[in-house]
Amino acid sequence: MHNTGTVPQSAPAPAEIPAETPTAPVEDPHGDSGRHARRFGLPVATALVMGNIIGGGIFLLPASIAPYGTVSLVAFGVLTVGAIALALVFGRLAARDPRTGGPYVYAREAFGDFAGFLAAWSYWITTWVSNAALAVAAVGYLDVLIPVNQHRWTACLAALVLQWLPALANFAGTRYVGAVQLVSTVLKFVPLLLVAVGGLFFFDPGRLGPFNSSGQGAIGAVSASAALLLFSYLGVESAAVSAGEVRNARRNVGRATVIGTAGAALVYLLGTLSVFGTVAHDRLVTSTAPFSDAVNTMFGGSWGGTAVALAALVSMTGCLNGWTLLSAQTPYAAARDGLFPSAFTRRRRGVPTAGVGVTVVLASLLTVYNYVSGSGRVFEVLVLVTTFTATVPYLLAAAAQIFHLVSGRPEAVDRARLVRDCVVTAVAAAFSVWLMAGAGYAAVYQGVLFLFVGIIVYALMAARRQRKQAMPSATGR
C-alpha cells in the first residue's frame, strides 16, 4: 500500500536538501519572496510557538484545577518535562530536515507516504475545527467589552469576523503574519506577567487551600488534574510546521521550540501559582474569571474583568493568527508530494493562500452550524475529537526519531549524544501517548473514525497520482 521504511522518491534525503538562502524558503518553487513575504527570525518563530500554545484557556485554567488542590502544580511540572522533551525532539528532527510541514515531513521520510498522509490529515482536521472553537470562545470575552451575545446571529457574525481578520493578515503575506504574531504575543503577555509576577508580592500561603482536596490519593490526583492540563501545551510543533519560513531553520526551529515551550510553561506555572496565592481556595473553585479576581484582590476595584477580557481577546486573536498559518502549511507540504489536492500548493507572498482560504471557509461553516443548531453538543464533540487528532502527528514524529536512533545510520544519529537523545525521545513518546489517553475513550473512538475517512481520501489521491505517473509511459507506447 505504501513504501514502509523507505524514503519516497519525491522526498529528498536530508543530505540532498538544498542549502538555505537568505532570500526565499528552501522549498519554495515559486520564489514568492518580496516585501510582503519575509522569513521569520528567532523572535517571531518563538512568538509563534508561545502564541499558539497560550490561547484563551489560561484565563480559566486556575479555577479548572483548583478542586484538586495545589497537587495540580506537581502535575504541571510533570507535563512541562514531557512538553520540553517533545520540543527537543522537534528541534532534532528539524535540524535534519528543515522543510515546511513538521511532523508530516518527519513521518513521511521515516515511514512512507501513508504515515505522512495520516500526520497531515489529522493535523489539518485539528487546525480548522480548533479555529472555529477558538473564535466561538473568543466571542464570550468580546461580549464583556461589546454586547454581542444578546442575539445568536450577532454572536455568529462576531465569531466569523474574529476568524476572517487573522485570515486576511495571512493573505497579506508572512511579513504581516509575523508582525501580528509578535505584537499580539507581547500584548497578551503583559497582563499575564502582571499577575504571574505581581501576584507573588500579594501572595498569601493561607489562601492556597489543601495540598490534595480531590478525595483520592496523590498519584490519582496528579493524573486527574493532568487530564485537564494535558492540552495546555498543544502548539509546541508550531515552528517545525513552518520551518520553511524560518531563517536558519536547522538551528532556529529547535531553539524557538524549546524557548517558546519553556516560556509558556513559566507563564502557566507562575500565573497559576499567583492566582492560587491571591484568591482564596473556596472562592477560586467556583470562580468564572480567576485572573480577574486576582487583579481585583491585588489592586481593588472591579476593573479586572474588563482588563482580563481584553487580554484574553488579544490572546485568542493572536492564537487564531498563528493557527491559521499552520492550518495551511501542512496541507501545502502534503500537496507538493501529491498526497493532498494540488490546489493547496498555491502560494502568494510566502503564504499558502488556497490552504488558508479552504481552512477559514470550513471553520466558518462549522461556526455557523454551531449557532444555527442552537446546541453546542455536536460542536463540543468535534472539539473533543481534535484533542486526539492533534496528538497523532506528535506520536508519529516521536516514532520517526526513534526510527532514526535505532536504525543507527551515521547521517541520522549523533553518537556523541545518542544516550541523551534516546532518553528525551522516550519521554516525548510517553508524553504523546499520555496526551492520547487523556482525550478519553469517546474522543479516541471518534478520532479514529476521522482517520478512517482520511484513508479513503488517501486511496483516491494515491490512485490519481499513479494514473498521472502512468500516462507518459502509455503515451510513449
Side-chain angles (χ1 to χ4, degrees), residues 50 53-84 140-141 144 188-234 261-312 315 431 434-435 438:
M50 295 183 74
I53 290 177
I54 300 180
I58 187 175
F59 295 97
L60 291 174
L61 199 58
S64 300
I65 60 176
Y68 298 97
T70 51
V71 70
S72 56
L73 297 176
V74 177
F76 238 138
V78 173
L79 290 175
T80 298
V81 172
I84 291 179
Y141 290 105
V144 176
K188 74 179 175 184
F189 269 84
V190 170
L192 287 175
L193 289 175
L194 173 65
V195 175
V197 178
L200 298 178
F201 294 96
F202 296 86
F203 192 88
D204 182 358
R207 297 189 176 115
L208 290 175
F211 176 72
N212 181 3
S213 57
S214 65
Q216 51 189 312
I219 295 179
V222 168
S223 298
S225 56
L228 295 174
L229 298 169
L230 279 169
F231 311 108
S232 301
Y233 288 105
L234 294 182
T261 304
L266 183 63
V267 172
Y268 275 148
L269 286 167
L270 281 181
T272 303
L273 180 62
S274 292
V275 172
F276 272 26
T278 52
V279 181
H281 181 260
D282 58 346
R283 182 184 173 194
L284 183 59
V285 295
T286 59
S287 175
T288 58
F291 273 79
S292 296
D293 292 339
V295 171
N296 291 339
T297 301
M298 291 161 57
F299 303 108
S302 59
W303 55 273
T306 301
V308 170
L310 182 60
S315 176
F431 177 67
W434 196 10
L435 280 170

With salt bridge (Lys or Arg N to Asp or Glu O under 4.0 Å) as the rule and sequence neighbours excluded, what pairs involving residues 194-219 come up? none
Between Phe203 and Thr278, is any pair of side-chain heavy atoms under 4.5 Å apart? no
Roughly how far apart are Leu73 CG and Tyr268 OH, rounded to 0.5 Å? 14.5 Å
Which residue pairs satisfy the salt bridge (Lys or Arg N to Asp or Glu O under 4.0 Å) criterion with at least one member in residues 216-233, sequence neighbours excluded? none
Among residues two or more places apart or on two chains, list those pairs meeting salt bridge (Lys or Arg N to Asp or Glu O under 4.0 Å) that have a residue in residues 274-284. Arg283-Asp293
Inter- and intrachain pairs under side chain to side chain donor-acceptor pair (under 3.5 Å), touching residues 64-82, at least two apart: Thr80-Tyr233
For Val222, enumerate each residue passing the side-chain contact (heavy atoms from CB on, under 4.5 Å) test, keeping only those at least two apart in sequence or located in another chain. Val71, Val74, Ala75
Partners of Ala311 by side-chain contact (heavy atoms from CB on, under 4.5 Å), sequence neighbours excluded? Phe59, Pro191
Pairwise salt bridge (Lys or Arg N to Asp or Glu O under 4.0 Å) hits with a residue in residues 225-234, at least two apart: none
From Leu269 CG over to Ser274 OG, what is the distance, rounded to the nearest 0.5 angstrom? 10.5 Å
Close side-chain approach of Pro290 and Leu284, heavy atoms under 4.5 Å: yes
Test item: Leu61 and Val275 side chains (from C-beta on) under 4.5 Å apart, heavy atoms: no
Taking Ala66's backbone N and O only, do any of them form a donor-acceptor pair with His281's side chain (distance below 3.5 Å, no angle check)? yes
CA sep, side-chain torsions, deciding dist, call: Thr272, Ile65, side chain to side chain contact (heavy atoms under 4.5 Å, CB included): CA-CA 9 Å; Thr272 303; Ile65 60 176; 3.8 Å; yes
Quick one: list whatever passes ring pair (Phe, Tyr, Trp, His ring centres under 6.0 Å) with Phe202, sequence neighbours left out. Phe299
Smallest heavy-atom separation, Val78 atom then Trp434 atom, equals CG1-CZ3, 3.8 Å
